[in-house]
Novice: 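First the structure, then my questions, so here it is.
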Number of protein chains: 2
Amino acid sequence: MQKTFKALSDPTRRKVLQLLRERDMTAGEIAGYFNSTKPTLSRHFSVLQEADLIQGTKNSSTITYRLNVTVLEETLLAMMEMFNIDPERMKND
Amino acid sequence: MQKTFKALSDPTRRKVLQLLRERDMTAGEIAGYFNSTKPTLSRHFSVLQEADLIQGTKNSSTITYRLNVTVLEETLLAMMEMFNIDPERMKND
DNA sequence: TAGCTATTTAGCCAACTAGCTAAATTATAA
DNA sequence: TTATAATTTAGCTAGTTGGCTAAATAGCTA
């Protein structure tokens with residue numbers, strides 16, 4: 001839980017999640033969207049992975065990351081419960 | 001936005017918000033729920049206040065803090081939009 | 001095997017964070 | 001005005017974070 005919050009508190013990592021929301025991507029592909037170096041992004045990946053927000057699988061020489069949507073949804077739900085917020089009020093209309 | 005995320009990423013501050021969810025409280029009253037010193041809590045209050053998550057008003061010699069529920073709800077909504085999550089799926093049943 | 005690509009690990013640094021104690025501030029009470 | 005209570009500010013320390021470069025690892029390909 002705390003790991004997930006910490007992982008979400010960084011803007012770079014949130015953007016990574018947004019990118020993966022569209023489709024699975026390799027580490028290098030994701031890194032292409034940022035100005036930081038690959039080692040820097042690599043560490044962000046490991047933080048996200050430790051929080052179980054993404055999952056990487058090796059495909060021969062590349063690693064493809066995929067978003068763990070369920071964990072993201074569960075975290076938001078947990079937050080709403082923690083603060084006693086009514087989901088009905090979250091509707092965006 | 002980033003300030004709000006950072007403010008929410010600390011467990012002590014989340015617990016402060018939870019306490020204020022129940023009712024308004026003075027700084028000292030809130031501090032009574034924690035093992036940390038008052039100066040430490042005081043700084044947490046200022047972080048929460050800068051993120052606009054709480055608001056303090058002076059009552060003679062005490063300061064009463066109150067939760068800004070709207071900002072909390074808006075932040076969660078923004079997160080859900082950011083990650084394209086359907087509010088319907090957040091229902092807790 | 002040697003070389004190339006993709007990715008991570010190691011090691012360093014500057015900036016930030018959360019905790020503490022001591023001191024300053026502000027208001028009330030004697 | 002002196003003392004007490006509530007709270008914050010200042011200044012310090014230890015630990016964490018995010019960035020970088022250089023080196024290591026793993027898988028291909030010639």
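Only a predicted model underlies this, so the values are computations on that prediction, with no experimental measurement involved.
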Novice: According to salt bridge (Lys or Arg N to Asp or Glu O under 4.0 Å), who are the partners of B/K3, at least two apart in sequence or on a separate chain?
Specialist: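 Residues passing salt bridge (Lys or Arg N to Asp or Glu O under 4.0 Å) with B/K3: B/E50.
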Novice: Without decimals, in angstroms, what is the distance between A/F34 CZ and D/dG18 C1'?
Specialist: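 Taking atom C1' of D/dG18 as the reference, CZ of A/F34 is at 14 Å.
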Novice: Taking side chain as C-beta onward, heavy atoms only, is A/M25 less than 4.5 Å from A/L19?
Specialist: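 A side-chain contact under 4.5 Å exists here.
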Novice: Looking for any heavy atom pair under 4.0 Å, which part of the strands does B/Y65 touch: base, sugar-phosphate only, or nothing?
Specialist: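 Sugar-phosphate, no base atom in range.
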Novice: Between D/dT17 atom P and A/L48 atom CG, what is the distance in whole Å?
Specialist: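 Distance check: A/L48 CG to D/dT17 P gives 13 Å.
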Novice: Can you run down the ring pair (Phe, Tyr, Trp, His ring centres under 6.0 Å) pairs that involve residues 66-88 of chain A, sequence neighbours left out, and say none if there aren't any?
Specialist: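 Sorted result for residues 66-88 of chain A: empty, none.
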Novice: Taking side-chain hydrogen bond (donor to acceptor under 3.5 Å, both in side chains) as the test, write out the residues that go with B/N59, two or more places apart.
Specialist: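 In terms of side-chain hydrogen bond (donor to acceptor under 3.5 Å, both in side chains), with neighbours along the sequence ignored, B/N59 is linked to B/T64.
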Novice: What pairs of nitrogen or oxygen atoms, one from the protein and one from nucleotides 17-24 of chain C, lie under 3.5 Å apart?
Specialist:
unit_1	atom_1	unit_2	atom_2	d
C/dA18	OP1	B/D10	OD1	3.3
C/dA18	OP1	B/R13	NH2	3.1
C/dA18	OP2	B/R13	NH1	3.3
C/dA18	N7	B/R43	NH2	2.9
C/dG19	OP2	B/H44	NE2	2.4
C/dG19	N7	B/R43	NH2	2.7
C/dG19	O6	B/R43	NH2	3.1
C/dC20	OP2	B/T37	N	2.9
C/dC20	OP2	B/T37	OG1	2.8
C/dC20	OP2	B/T40	OG1	2.7

Novice: Mind jotting down which residue pairs meet the salt bridge (Lys or Arg N to Asp or Glu O under 4.0 Å) criterion with at least one end in residues 18-34 of chain A? Sequence neighbours excluded, please.
Specialist: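 Every salt bridge (Lys or Arg N to Asp or Glu O under 4.0 Å) pair that includes a residue of residues 18-34 of chain A, provided the two are not neighbours, is A/R23-A/E29.
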Novice: Without decimals, in angstroms, what is the distance between A/F5 CZ and D/dT16 P?
Specialist: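 That distance rounds to 20 Å.
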Novice: To the nearest 0.5 Å, how far apart are OG1 in A/T26 and CD1 in A/I63?
Specialist: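 One finds 9.5 Å between OG1 of A/T26 and CD1 of A/I63.
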Novice: Please identify each residue that fulfils side-chain hydrogen bond (donor to acceptor under 3.5 Å, both in side chains) with A/Q18, with sequence neighbours left out.
Specialist: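 Expected list: none.
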Novice: Can you sort out the partners of A/T70 under side chain to side chain contact (heavy atoms under 4.5 Å, CB included), two or more places apart, ordered by chain and number?
Specialist: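 Partners of A/T70 by the side chain to side chain contact (heavy atoms under 4.5 Å, CB included) criterion, ordered by chain and then number, come out as A/N68, A/E74.
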Novice: Hey, could you give me each pair passing ring pair (Phe, Tyr, Trp, His ring centres under 6.0 Å) that has a residue in residues 30-58 of chain B? Not counting sequence neighbours.
Specialist: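 Those involving residues 30-58 of chain B are B/F45-B/Y65.
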Novice: Which letter, B, S or -, goes with each nucleotide of nucleotides 25-30 of chain C from 5' to 3', with contact meaning a protein heavy atom under 4.0 Å?
Specialist: -SSS--
Novice: Please give, in whole Å, the distance from C/dT8 C1' to A/Q49 CD?
Specialist: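 These atoms are roughly 12 Å apart.
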Novice: Within residues 22-32 of chain B, find the residues that approach DNA chain D with a heavy atom at under 4.0 Å, and present them sorted by residue number.
Specialist: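 Heavy-atom cutoff 4.0 Å gives B/T26, B/A27, B/G28.
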Novice: Which residues pass the side-chain hydrogen bond (donor to acceptor under 3.5 Å, both in side chains) test with A/T37, sequence neighbours left out?
Specialist: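 Counting only residues at least two positions away or on another chain, A/T37 forms a side-chain hydrogen bond (donor to acceptor under 3.5 Å, both in side chains) with A/T40.
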Novice: Any salt bridge (Lys or Arg N to Asp or Glu O under 4.0 Å) pairs touching residues 53-71 of chain B, not counting sequence neighbours?
Specialist: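 Checked against salt bridge (Lys or Arg N to Asp or Glu O under 4.0 Å) - neighbours excluded - no pair reaches residues 53-71 of chain B.
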